[in-house]
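Convention: sequence-line order gives letters A, B, ...; per-chain numbering from 1.
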Amino acid sequence: MEHIIKNGIVYDPLNNIDGEQKDICIKDGKIVDSVSADANVTDASGQIIMPGGVDPHTHIAGAKVNVGRMIRPEDSKKDVVGRAPGQRGGSGFSVPSTFMTGYRYAQMGYTTAMEAAMPPLLARHTHEEFHDTPIIDHAAYPLFGNNWFVMQYLKEGDLDKTAAYASWLLRATKGYAIKIVNPAGTEAWAWGGNVHGIDDPAPYFDVTGGEIIKGLAEVNEMLGLPHPIHLHCNDLGHPGNYETTLKSFDIPKGIKANPITGNRDKVLYATHVQFHSYGGTNWRDFVSEAPKIADYVNKNDHIVIDVGQVTLDETTTMTADGPMEYDLHTLNGLKWANCDVELETGSGVVPFIYSGKAPVPSSQWAIGLELFLLVNDPEKICLTTDSPNAGPFTRYPRVMSWLMSNKYREDMIENHVHKWAQKKTSIATIDREYSFFEIAQISRATPAKVLGLSDTKGHLGVGADADIAIYPFNPETQDPSTDYMKLEEALTAASYVFKDGEIVVKDGKVVNIGLPGRCYWVNSIYDEELEKQIVGEVETMFKRYYSVNFANYAVQDEYLPRSTPVDGVIL
Amino acid sequence: MSEIILKPKEQPLVPIEANNVTPDVFAGKTLEEIKNLGIWHGNRQDRLSKFFDIEGESSENPSEIKIIIDGSVPKTKWIGKAMTAGEILVKGDVNMYVGADMKGGKILVEGNAASWPGQDMQGGELTIMGNAGDYVGSAYRGDWRGMSGGLITVHGNVGNEIAEYMLGGKMVIKGNVSIMPGVHMNGGLLIIEGNVVARVGGEMKGGTIVVKGIIDEFLAGFKYLGIERDLNLEGEIIEGAYHKFKGDLATKGASGIVYAAVAGNSHIAPY
């Protein structure tokens with residue numbers, strides 16, 4: 001099947017194309033140099049073309065997402081979509097059902113989305129939900145930061161064993177990256193506590209958050225993984241936490257990036273940094289320290305961050321940071337679900353209303369934007385809302401419009417948010433506006449590169465997967481800075497979205513679900529002999545402590561309708 | 001007032017969802033258009049005229065419309081959903097969710113109602129002459145923001161967990177109540193003229209509950225404040241002597257008030 005998209009205005013940062021009128025040729029799901037005269041033609045005159053969006057951090061599949069759906073029937077009630085030909089109905093504003101999640105990402109021109117927290121024990125559930133999430137390519141990051149085996153091996157100072165365990169676990173769970181959430185803290189939560197900062201040891205294992213970050217950062221490069229360690233720092237959401245954040249950022253500095261696949265040069269991916277950029281000692285004297293965080297990112301080259309932009313919606317928070325969710329529940333008094341995942345991790349779920357009338361959410365909104373606007377290099381920052389934690393992913397178009405229009409932000413500051421946004425942050429003094437090129441960087445190029453997938457994702461060069469978004473906005477006649485509402489509309493409902501070379505969305509509506517999404521996972525074998533020994537130790541622990549049989553633990557290939565292994569080291 | 005009369009045909013086994021039966025939806029429509037309105041029956045849509053003989057005349061303005069359901073419709077749900085004006089009279093029983101999300105206007109049910117009448121009600125008046133089921137004037141499942149305005153009156157008895165998460169408005173139950181009226185209540189006024197089985201105001205944080213009858217079992221989380229006579233609540237004088245309690249102190253910072261008539265409730269007063 002051949003296709004040609006004619007006359008669109010193309011933004012493709014990885015190939016240095018900044019608003020050029022250019023034809024895109026597609027053959028057999030890939031972007032090619034040229035096509036025959038028989039190719040189907042799509043006219044994109046006066047419209048923007050970007051690679052399909054890549055979301056490096058979202059929560060769309062697995063146990064805690066489903067707990068979010070279960071404890072929030074009222075969230076389902078307020079957003080219901082009936083079935084349409086070839087499509088399922090669904091519901092949920094902040095935690096949409098699986099099918100709706102796929103449709104909604106596609107409607108915005110996003111074609112890849114990564115589930116950022118997979119408890120290994122619940123990997124099957126996660127992949128089952130992926131199975132029912134149409135269109136988008138995906139991967140899941142298993143949680144390592146509070147895992148008993150990891151903590152035990154790090155306590156023994158044995159990085160080789162840690163590496164052998166990590167490579168086995170990535171294969172067993174069909175996982176993609178090393179995710180670390182509140183290292184040592186979630187384990188402390190299993191004992192009813194938490195840790196504070198990076199130097200506080202986990203109970204029994206006696207390793208600190210800092211030691212876990214350092215050990216896993218080294219293991220990450222020993223295994224040659226495509227993505228750096230994916231870190232959710234300690235002390236999330238607490239006034240004064242920026243110091244912990246900066247200390248954590250410094251830990252992997254000096255480690256050399258060693259990806260077998262892809263060409264990332266970063267060794268740390270720090271996520272939802274907005275929640276980690278707070279000064280002060282309590283919620284009264286709390287201030288933004290986003291400028292200090294942005295300054296660190298500007299001065300250091302080993303790090304990429306994503307923001308976790310607050311969108312000022314009623315949403316559902318969900319994280320493996322169990323103690324943080326308990327704190328949140330005591331703060332807002334709303335319902336709370338807690339989950340313990342045996343020897344591996346835990347999680348919590350609490351609804352949250354980020355109201356523009358309230359001082360703290362308004363400040364959080366401003367702190368996220370400060371990060372976007374004060375980090376100079378869009379190759380170091382990714383667009384996320386930590387969906388649904390700071391807001392649902394369906395608000396990405398709005399976030400992009402805030403970034404592209406100072407006028408939109410001024411309207412928000414003057415009319416829609418609490419005055420703390422001005423008092424506690426510097427947002428009102430920043431007039432930078434993103435260009436379309438920069439938007440394409442933070443939502444396509446940068447995430448694809450840091451995921452190690454920039455061979456085929458996040459760009460429109462020859463050989464890339466033909467995942468393409470076309471938006472009905474003409475940068476030659478319309479000004480995003482003043483026409484920001486039109487821009488938001490255009491980005492919400494792409495005029496065309498191609499996935500693997502097929503049209504899946506037309507005029508903002510899903511018309512075809514195409515192939516199942518690819519599931520990326522890392523195929524790495526660190527040391528076969530050592531791995532056998534480790535698996536023996538794991539089996540012993542299973543017999544003693546786990547609630548499932550070892551033989552039922554690993555996710556078998558049948559779970560992945562479009563399995564796409566990515567190589568790490570194979571020794 | 002223009003009247004539209006819906007004469008029920010035989011009610012189906014599977015309940016129908018009549019959320020289109022409101023003055024707001026009927027306004028500005030011809031009789032023919034009203035007959036052709038869609039109505040969910042299980043997983044498929046039928047026309048309203050399949051279940052009702054319809055006659056009368058509509059109006060442009062919903063507040064000028066009175067809908068009369070001329071008979072019992074025990075298999076019909078969602079009558080008057082989210083209505084803002086006008087009147088609905090049901091000359092018999094209704095199924096669940098009558099007056100759910102109601103914002104204005106009046107609904108009078110001459111018979112009994114099943115559960116969830118007046119769910120998330122924000123305004124208007126809902127009167128049930130017979131009995132009602134559970135969750136009268138309660139929040140949607142999972143929500144912590146329930147009925148916020150309007151008036152619900154039930155002349156008969158009701159079931160469990162009425163006024164759950166109530167925030168505002170007024171509810172009067174003339175008959176008896178089962179367990180947990182006013183559970184999680186945060187505001188508003190609930191008056192129970194009959195008896196209550198148990199757990200009045202469990203985990204309430206605000207609002208006021210008056211029980212004129214006997215409370216069989218009372219919760220331990222309430223602080224006794226003494227006897228008060230001839231209550232003045234929202235401008236209405238409620239005569240008689242009442243034990244006054246504050247709670248439910250099982251919830252932090254709770255300041256809900258429960259009044260229980262002195263007559264018949266000596267077993268719950270702390271002396």
Over 12 foreign heavy atoms within 6.0 Å of NZ, B:Lys103: yes
Heavy-atom neighbours of B:Arg47 CZ exceed 12 at 6.0 Å: no
For chain B, which residues of residues 325-341 of chain A have heavy atoms nearer than 4.5 angstrom: A:Leu334, A:Lys335
Contacts with chain B made by residues 71-80 of chain A (heavy-atom distance under 4.5 Å), listed by residue number: A:Arg72, A:Pro73, A:Glu74, A:Lys77
Other residues, nucleotides, ligands: >12 heavy atoms within 6.0 Å of B:Lys77 NZ: yes
B:Glu217, CD atom: more than 12 neighbouring heavy atoms under 6.0 Å: no
Exceeds 12 heavy-atom contacts within 6.0 angstrom, atom NZ of B:Lys106: no
Greater than 12 external heavy atoms within 6.0 Å of B:Lys223's NZ: no
CZ/A:Arg124: more than 12 non-hydrogen atoms of other groups inside 6.0 Å: yes
